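Bear in mind the structure is a predicted one, so any value in this text is a computation, not a measurement. We count ligands from 1, going down the list as the structure has it; atoms in each ligand are counted the same way.
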Amino acid sequence: MNNSIAILGAQWGDEGKGKIVDLLTEKCDAVVRFQGGHNAGHTLVVEGKTTILHLIPSGILHNNVKCIIGNGVVLSLDALSEEIEILRKSNITVDGKLLISDGCPLILPVHIELDKARELKKGKSKIGTTGRGIGPAYEDKISRRGIRLGDLSNPETLKDILKELLDYHNFVLKNYYECKTFDDVKMYEKLLSDYETYKKYIIDVPEYIDLAFKNKKKIVFEGAQGTLLDIDHGTYPFVTSSNTTVGGIFTGSGVSPKKLNYILAIVKAYTTRVGSGPFMTELFDNDGEQLSKIGHELGATTGRERRCGWLDLVALKRSIVINGFTGICLTKVDVLDQFKEIKVCIEYKNNAPVYKNFDGWMTDITKIKNYDDLPEKTKIYIGAIESYLGVPIDIISNGPGREQNIFKNKIL
Ligand code: IMP
């Protein structure tokens, strides 16, 4: 029996993590986000109603689940306030469920300006960021210039660190990027008033998690983005600015590695990527267009079209080396329902992908509930991926709905 599960994207994000987190947290007591910020976009479809979350953990739709934002998350209080409002309008309560670490570095408007200015300056070589200020906020954390949520409790020191931070960035914005600058007095007042609103959510996250495990609670650790966007292990420099891989869980929440007993990889049955950077199996033909169209491959955060391609098992092997996945959830398998031929990359040769071809099953699998009822050709496809990767595919997701899943093995 697993009482702690990590759910991590194994590709470039957008693998369908939100739906699986939502599904598994139903049987859990808490869900913890440990990296990234509101650059993430988790689309949840429950009883036909779509909710897109960026910052608040995907467990928020359940009444008895605590939703924890760990110190590894860069926190935009404006984004948080918008999200709370959206949830409130859908009659989803946040108070009593949302808990936030005082160690979260804040994303300030100046970080968003810097993010956009940098991308503009880079021109063709831009990263293709979400423009949410993620990179500059993490840089300030590492440079020890940043403001953390807990700093808002001390108005005196806050004044000084905010001034120092804005002096520095305003100089760069004005003289290097020739952009607008920011007023520290206005921002100071806004931060103090924000603190009054959000202080009720602040807790000591490591203590909370430790106690929860002592009380036999079950906890899900919800990754954002994907392994290949990891700042250390991804396709640098075309990456995000956090550790999206398993190590990020420990530094970004304060839980001990000894406590984690199941690491679930979310793998989309094909590959997508938003933003710039290498993508070995990218398609520029009709198949790519079909994947994009059938899979509705539009970014949940920016609305940008995702680049599409076949499944890349070479990249996934690397992802397994880094994360040590216990099992896999293969998502969006139904998107392949109408493909006569499906390809999977098994090797790179002369800097090009080598594919293994599979017969498509040409059957609607969206209503299937049991693994045995899947078409033989789907099972061959799934079996081949499993044996190449050497990691069991425990869950198959065959549609966007919460009920559209096939559990091959029980994980909770
Ligand atoms: P940033 O995280 O906004 O700095 O963007 C850096 C890179 O990560 C860009 O290529 C983004 O498109 C990508 N990225 C960030 N968040 C997500 C996500 O949730 N899904 C997919 N790609 C993402």
Side-chain angles (χ1 to χ4, degrees), residues 7-21 33-44 51-58 72-76 79 83 105 107-122 124-142 222-245 248 252 265-268 270-279 282 292 295-309 312 315 319 331-332:
I7 300 179
L8 302 174
Q11 294 151 313
W12 278 288
D14 308 315
E15 298 91 350
K17 293 178 291 293
K19 174 188 144 169
I20 305 302
V21 173
R33 272 212 45 196
F34 52 88
Q35 49 73 226
H38 65 305
N39 50 347
H42 291 165
T43 309
L44 309 171
T51 305
I52 299 182
L53 297 175
H54 299 284
L55 189 58
I56 296 181
S58 304
V73 172
V74 278
L75 185 69
S76 156
E83 214 157 289
I107 299 181
L108 304 175
V110 68
H111 296 126
I112 297 170
E113 188 70 15
L114 279 166
D115 194 357
K116 290 183 178 158
R118 279 190 200 155
E119 286 283 274
L120 207 64
K121 186 121 184 155
K122 272 178 170 283
K124 273 196 183 136
S125 59
K126 69 177 182 187
I127 307 289
T129 71
T130 58
R132 304 280 158 115
I134 306 294
Y138 275 118
E139 285 166 38
D140 272 357
K141 161 181 163 170
I142 300 297
E222 173 183 12
Q225 293 86 44
T227 294
L228 304 172
L229 286 171
D230 185 280
I231 184 74
D232 289 290
H233 300 289
T235 49
Y236 191 91
F238 300 102
V239 290
T240 191
S241 299
S242 62
N243 284 115
T244 57
T245 48
I266 310 296
V267 175
K268 185 148 47 180
Y270 48 99
T271 312
T272 60
R273 172 163 206 173
V274 211
S276 324
F279 182 173
E282 184 167 13
S292 167
H296 302 290
E297 295 298 348
L298 281 183
T301 299
T302 56
R304 287 180 290 176
E305 267 185 33
R306 295 175 185 147
R307 299 153 67 191
C308 293
D312 184 346
S319 193
T331 63
K332 296 187 109 169

Nearest non-hydrogen protein atom, [atom]:
atom: atom 6 (C) of ligand 1; result: Val239 O, 3.4 Å
atom: atom 17 (C) of ligand 1; result: Gln225 CG, 3.4 Å
atom: atom 3 (O) of ligand 1; result: Thr130 OG1, 2.6 Å
atom: atom 21 (C) of ligand 1; result: Asp14 OD2, 3.0 Å
atom: atom 5 (O) of ligand 1; result: Thr129 CA, 3.3 Å
atom: atom 2 (O) of ligand 1; result: Thr240 OG1, 2.6 Å
atom: atom 10 (O) of ligand 1; result: Val274 O, 3.2 Å
atom: atom 8 (O) of ligand 1; result: Leu229 CD2, 3.7 Å

Considering the heavy atoms of [X], write down every atom of ligand 1 situated less than 4.0 Å from one of them.
X: Trp12; result: 21 (C), 22 (N)
X: Ile127; result: 10 (O)
X: Gly128; result: 9 (C), 10 (O), 11 (C), 12 (O)

Just distances here: any N/O of Asn39 and N/O of ligand 1 closer than 3.5 Å?
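Yes; the residue has a nitrogen or oxygen that sits under 3.5 Å from a nitrogen or oxygen of the ligand.
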
Under the side-chain hydrogen bond (donor to acceptor under 3.5 Å, both in side chains) rule, what do Asp312 and Thr271 come out as? Steps first, then yes or no, please.
CA-CA 7 Å; Asp312 184 346; Thr271 312; over 6 Å; no

Less than 4.0 Å is my threshold; does some heavy atom of Arg306 fall inside it relative to ligand 1?
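The answer is no: ligand 1 sits nowhere under 4.0 Å from a heavy atom of Arg306.
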
Side chain to side chain, Arg304 and Thr130, heavy atoms closer than 4.5 Å:
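Counting from C-beta outward, Arg304 and Thr130 do come under 4.5 Å.
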
Donor-acceptor side-chain pairing of Ser276 and Arg307 below 3.5 angstrom:
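Judged by distance alone, the side chains do not pair up.
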
Under 3.5 Å, is there a donor-acceptor pair linking the side chains of Gln11 and Thr227?
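Gln11 vs Thr227: no donor-acceptor pair found between side chains.
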
Give the C-alpha distance, both sets of side-chain angles, the deciding distance and a yes or no for side-chain hydrogen bond (donor to acceptor under 3.5 Å, both in side chains) between Gln35 and Tyr138.
CA-CA 10 Å; Gln35 49 73 226; Tyr138 275 118; 5.6 Å; no

Rounded to the nearest 0.5 Å, how far does CG of Asp230 lie from CD of Gln225?
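Gln225 CD to Asp230 CG: 10.0 Å, rounded to 0.5 Å.
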
Gap between atom OG1 of Thr272 and atom NZ of Lys268 - 0.5 Å precision
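Here the interatomic distance stands at 3.0 Å.
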
Minimum-distance pair of heavy atoms, taken over all atoms of Gly234 and Val239:
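Answer, listing the atom of Gly234 first, then Val239: C-CG1, 3.6 Å.
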
Side chain, backbone, both or neither: which applies to Arg132 and ligand 1 if a contact is any heavy-atom pair less than 4.0 Å apart?
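It is neither; nothing of Arg132 touches ligand 1.
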
Presence of salt bridge, Lys332 and Glu297, under 4.0 angstrom:
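Counted as a salt bridge, because a side-chain N and a carboxylate O are separated by less than 4.0 Å.
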
